[in-house]
Amino acid sequence: MHFRFTQSAIDTDSARRELLTLSAGGYVSFEGWVRDHNEGLEVTRLEYESFQELGVKEGERIIDEALRRFPVKHALCIHRLGSLALSDMAVWVGVSSAHRGEAFDACRFIIDEVKHRVPIWKKEHYRGGDSGWVNCERCAAAPTYAHQHA
Amino acid sequence: MHFRFTQSAIDTDSARRELLTLSAGGYVSFEGWVRDHNEGLEVTRLEYESFQELGVKEGERIIDEALRRFPVKHALCIHRLGSLALSDMAVWVGVSSAHRGEAFDACRFIIDEVKHRVPIWKKEHYRGGDSGWVNCERCAAAPTYAHQHA
Amino acid sequence: MQLKIQYYALMREQAGRSEEILDTSAATPADLYGELLARYGFTLGREQLKVAVNNEFSDWSRPLAAGDAVVFIPPVAGG
Amino acid sequence: MQLKIQYYALMREQAGRSEEILDTSAATPADLYGELLARYGFTLGREQLKVAVNNEFSDWSRPLAAGDAVVFIPPVAGG
């Protein structure tokens, strides 16, 4: 299982250990943190939900594609679901490889694809009490523009 | 001090905490690990040494350049010196930013520049007892080729 | 025939439920979405969605069979 | 005049010392390297090195002054 969901804090130390191998000289990781603003609005907290049965399948396909495209050793992605506070880690990607260039490329490929393809939704709660499903509320009003910031 | 040397194991948790900020949504880190082979030879351990007075200056300049070139929040690099075993972490780079693209670019820029510009030397010890200063022994024999794999 | 429909995120909120078993004559996911759009007033148009049948992405024109599980997938926002 | 020379890595091993105070008439780092190359038989040519004076990168043609600290920098291999 190279793509997983978790309802609790992501254990990056344990995840990183799964990527260790004596033949790897480079390790790149990405963490997505809950930030206090998005598109001009002050964010106070987030909720993530996923269609998990398809999500893990699509996530595994992305990791498999990364391992085929880039000569890396190991790759792993963990996405958190549920209610998250500011600074909480929403997603983690780690890649180990013999050389660093491929590790950067594969890590970036994985997070880009995960954000575009895995059925995960994010509801932002804003200062003042409003909330909204990212990429859904505005695209409902203006569908042709919406996919640009998906 | 955004560039540091250490004689002991790099404390990545503590280093990562220096980069946390509520306005950051992306965090990219790179770790260089001691690998069991290099250019066809079996490596058993490494020694790193540095001209530290100039090394920290040049390292700080690299971080400053990264912060000017890429719109990131914070960046930090720690390089270990002394005797390292296989799988030990030799260098760590961490970058936080609002958006992930810049964090990847800045992290890669920093490790590439550190490897090319900071006065750090690496002696590899090979199975069988041989050893050699990387980029120095072969370039002594064939100077025009040597800088290609520096 | 009976289909199982699961709703997520904005569509879950607009449908007021996370799943239901539906008696329908919809022949395809496209037909089914038209039926549900009329019932729940979803704000997302079909061109903004993907659809999954039995936990795998599907064409909108795939023939549906009794017992199929259908999920409409709003624009995603992981990470 | 007296200069302080520090040696690192391969050059430290070939010089058999990590630093020394040297009486020299070398006017520039280039002159000084020629003198030391003859003495220690360094395998690295000057074109493979950089040089630092007083903890900062320097031109090879910079005039040296008494008390300057000079470091020859072999090809680096951090990371």
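Numbers restart at 1 for each chain; the letters A, B, ... are given by sequence-line order, proteins then strands. Not measured: the values here are computed from a predicted model.
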Select one option (side chain, backbone, both, neither) describing which atoms of [X] are under 4.5 Å from chain C's heavy atoms.
X: A:Arg117; result: backbone
X: A:Tyr48; result: side chain
X: A:Lys122; result: both
X: A:Glu58; result: side chain

Do side-chain atoms of C:Arg17 reach the backbone of C:Glu19 as a donor and acceptor pair under 3.5 angstrom?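 A pair under 3.5 Å: no.
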- Determine yes or no for a side-chain-to-main-chain donor-acceptor pair under 3.5 angstrom, with A:Ser96 supplying the side chain and A:Leu19 the backbone. yes
Taking A:Lys57 first and then C:Glu56, would you say they form a salt bridge - that is, a charged N and a carboxylate O separated by under 4.0 Å?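 Yes, charged N to carboxylate O under 4.0 Å.
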If you tally heavy-atom pairs under 4.5 Å between each of C:Gly78, C:Ala9, C:Ala52, C:Gly45 and chain A, the highest tally belongs to C:Ala9
Chain C shares the most heavy-atom pairs under 4.5 Å, among A:Gly132, A:Ser50, A:Gly55, A:Ala90, with A:Ser50
Looking only at A:Glu47, A:Glu53, A:Glu49, A:His79, most heavy-atom pairs under 4.5 Å shared with chain C are made by A:Glu49
So A:Cys77 and A:Ile63, do their side chains get closer than 4.5 Å, heavy atoms only?
yes
Q) Does C:Tyr7 have its ring centroid less than 6.0 Å away from the ring centroid of C:Phe72? A)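 Between C:Phe72 and C:Tyr7, which both carry aromatic rings, the centre distance is not below 6.0 Å.
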Honestly, the part of C:Phe42 sitting under 4.5 Å from a heavy atom of chain A is neither
| task | Consider only side-chain N and O atoms of A:Glu124 and A:Tyr126, and report whether a donor and an acceptor are under 3.5 Å apart. | result | yes
